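Here the structure comes first, spelled out in structure tokens, and everything after it is commentary.
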Amino acid sequence: MVSGEAPQAEGSVRVDVWIWSVRLTKTRSQAAAACRAGHVRVNGERAKPAQALNAGDEVRLRHAGRDRIVVVSKIVKKRVGPPVAADCFVDNSPPPPPREAAIQVPVRDRGAGRPTKRDRREMERLQERGPGPS
């Protein structure tokens, strides 16, 4: 094996191990927890942590608030460096949403104190929701 080359494994590997090995999650326990919670799908089917993964499989992972869609190109059993990990899959994920699309929370001026009842009603009107039963 040439230095810097990914350790090639024959056959298949566990889904949670592969997700961790190619650095889609920080820890293997996070990868296993994502599988148990139903956030990992292999070829459209919900995956258990010990499910076998082969080259050519499509893995969908919901992690850190975004969906990752990757196609397995190499099987690795050990955690590899970022440049090598990038060669182990083809990323078909949609681009992350722009920062402007994130929910903006209204900010009060520092030192303005607690909002009065009148201020609260004005904020509710601005947010286009009627005042709830109080």
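Because the structure is a prediction, the values reported are computed rather than measured. Residues take their numbers from the sequence shown, with the count starting at 1.
- With rounding to the nearest 0.5 Å, the separation of CZ in F89 from CD1 in I19 is 11.0 Å.
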I69 and L61: CA distance, side-chain angles, deciding distance, side chain to side chain contact (heavy atoms under 4.5 Å, CB included) verdict:
CA-CA 6 Å; I69 303 168; L61 170 69; over 6 Å; no

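- Applying the side-chain hydrogen bond (donor to acceptor under 3.5 Å, both in side chains) rule to D87 yields no partners; only residues at least two apart in sequence or on another chain are considered.
- In this structure the side chain of C35 never reaches within 4.5 angstrom of the side chain of K48, judged on heavy atoms.
- Listed for the S12 side chain is no donor-acceptor partner under 3.5 Å among the backbone atoms of N54.
- Ion pairing between a basic and an acidic side chain is recognised when a charged N comes within 4.0 Å of a carboxylate O; E58 and R60 show such pairing.
- Interatomic distance, CZ of R79 versus OG of S21, reported as 7.5 Å (0.5 Å rounding).
- With values rounded to the nearest 0.5 angstrom, L53 atom CG is found 6.0 Å from W18 atom CH2.
- Residues V59 and V76 are members of one and the same hydrophobic cluster, defined by side-chain heavy-atom contacts under 4.5 angstrom among Ile, Leu, Val, Met, Phe, Trp and Tyr.
- We find the CG-CD distance between L24 and Q30 to be 11.5 Å, quoted to the nearest 0.5 Å.
- Under the side-chain hydrogen bond (donor to acceptor under 3.5 Å, both in side chains) criterion, N43 pairs with D57, not counting sequence neighbours.
- Between N92 and V71, the closest side-chain pair of non-hydrogen atoms falls below 4.5 Å.
- Residue pairs meeting the salt bridge (charged side-chain N to carboxylate O under 4.0 Å, His left out) criterion with at least one partner in residues 28-44, sequence neighbours excluded, are D16-R28.
- No continuous path of ILVMFWY side-chain contacts below 4.5 Å connects V84 to W20, so the two sit in separate hydrophobic clusters.
- Considering only residues two or more places apart in sequence or on other chains, R114 meets the salt bridge (charged side-chain N to carboxylate O under 4.0 Å, His left out) condition with none of them.
- Between E124 atom CD and D119 atom CG the span is 11.5 Å, to the nearest 0.5 Å.
- Nearest approach of S93 to R66, heavy atoms of both residues: CB-NH2, 4.0 Å.
- Residues I75 and C88 fail the side-chain proximity criterion, which asks for heavy atoms closer than 4.5 Å.
- What you find for G38 and R46 is that their closest heavy atoms are CA-NE, 3.3 Å.
- Residues satisfying the side-chain contact (heavy atoms from CB on, under 4.5 Å) test with Q51, not counting sequence neighbours, are V15, V42, A47.
- Every residue meeting the salt bridge (charged side-chain N to carboxylate O under 4.0 Å, His left out) condition with D67, not counting sequence neighbours, appears here in chain and number order: R62.
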